[in-house]
Amino acid sequence: QVTLVESGGGLVESGGSLTVSCAITGHINNWDSLGWFREYPGKDRTFVAAISVSTGRTYYSDSVKGRFAISSDFAKSTLYLQMNSLKPEDTAVYYCARRGAEVPTSEPLDYENWGQGTWVTVSS
């Protein structure tokens, strides 16, 4: 059983920074991938960033590349998403997820385990 719990969301001004965290319990395999997705009410859940557990290689959507950084600290069993230069369109519930394959994808259906999300609201 893998459990993911997001935290760290909140209200931030446009142009500001915020880091959200994902606490992981249960076993994560070396061939797994971990990702961040976001969803605004009434809209589809979309890919934000992902990391390969085995290689550390990171992946980003075009909309956040250069502004966001995904990282992990497995000594603390935690996944992070550092968000910089935030924009109002970044407002959403942010979810972390696990995929049972080494190479991440941008498709939510490819991920098997999900947290319950943490709200990030960026004011204009």
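Because only heavy atoms are used, hydrogens play no part in the values below, and waters and symmetry mates are left out as well, while side chains stay in.
- Residue pairs meeting the salt bridge (Lys or Arg N to Asp or Glu O under 4.0 Å) criterion with at least one partner in residues 18-27, sequence neighbours excluded, are absent.
- Annotation: side-chain contact (heavy atoms from CB on, under 4.5 Å) contacts of Ser77 (sequence neighbours excluded): none.
- Applying the ring pair (Phe, Tyr, Trp, His ring centres under 6.0 Å) test to every pair with at least one member in residues 1-25, sequence neighbours left out, gives no pairs at all.
- Pairs of residues two or more places apart, or lying in two chains, that qualify as disulfide (SG to SG under 2.5 Å) and include a residue from residues 39-116 are Cys22-Cys96.
- Linking Ile, Leu, Val, Met, Phe, Trp and Tyr whenever their side-chain heavy atoms come within less than 4.5 Å leaves Val5 and Leu81 in two separate clusters.
- Around the CD atom of Glu13, the shell of radius 6.0 Å holds no more than 12 heavy atoms that belong to other residues, nucleotides or ligands.
- Counting only residues at least two apart or in different chains, salt bridge (Lys or Arg N to Asp or Glu O under 4.0 Å) contacts with residues 41-52 comprise Glu39-Arg45.
- The closest side-chain heavy-atom distance from Asn29 to Val53 is not below 4.5 Å.
- Each salt bridge (Lys or Arg N to Asp or Glu O under 4.0 Å) pair with one or both residues in residues 60-86, not counting sequence neighbours, appears once here: Arg67-Asp90.
- Among residues two or more places apart in sequence or in another chain, the side-chain hydrogen bond (donor to acceptor under 3.5 Å, both in side chains) test is passed with Tyr95 by none.
- Scanning both residues, Asn84 and Ser17, for their nearest heavy atoms gives OD1-OG, 2.9 Å.
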Under 3.5 Å, side-chain donor or acceptor atoms of residues 97-105 against the rest of the protein: list the pairs with distances, not counting sequence neighbours.
residue : atom : partner : partner atom : Å
Arg98   : NE   : Asn113  : OD1          : 2.8
Arg98   : NH1  : Asp32   : OD1          : 3.1
Arg98   : NH1  : Asp32   : OD2          : 3.0
Arg98   : NH2  : Glu112  : OE1          : 2.8
Arg98   : NH2  : Asn113  : OD1          : 3.0
Arg99   : NE   : Val103  : O            : 2.9
Arg99   : NH2  : Val103  : O            : 3.4
Glu102  : OE2  : Ser54   : OG           : 2.3
Thr105  : OG1  : Glu107  : N            : 3.3
Thr105  : OG1  : Asp110  : OD2          : 2.7

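- Nearest heavy atoms, Ile70 versus Trp36: CD1-CD1, 3.6 Å.
- Shown here are the ring pair (Phe, Tyr, Trp, His ring centres under 6.0 Å) partners of Phe37, two or more places apart in sequence or in another chain: Phe47, Tyr111, Trp114.
- Under the disulfide (SG to SG under 2.5 Å) criterion, no residue pair touches residues 25-67, with sequence neighbours excluded.
- Applying the side-chain contact (heavy atoms from CB on, under 4.5 Å) criterion to Ser71, with sequence neighbours excluded, gives Tyr80.
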For residues 115-124, run the donor-acceptor check on the side chains, cut-off 3.5 Å, and write out each pair with its distance to 0.1 Å, sequence neighbours left out.
residue : atom : partner : partner atom : Å
Thr118  : OG1  : Gly9    : N            : 3.0

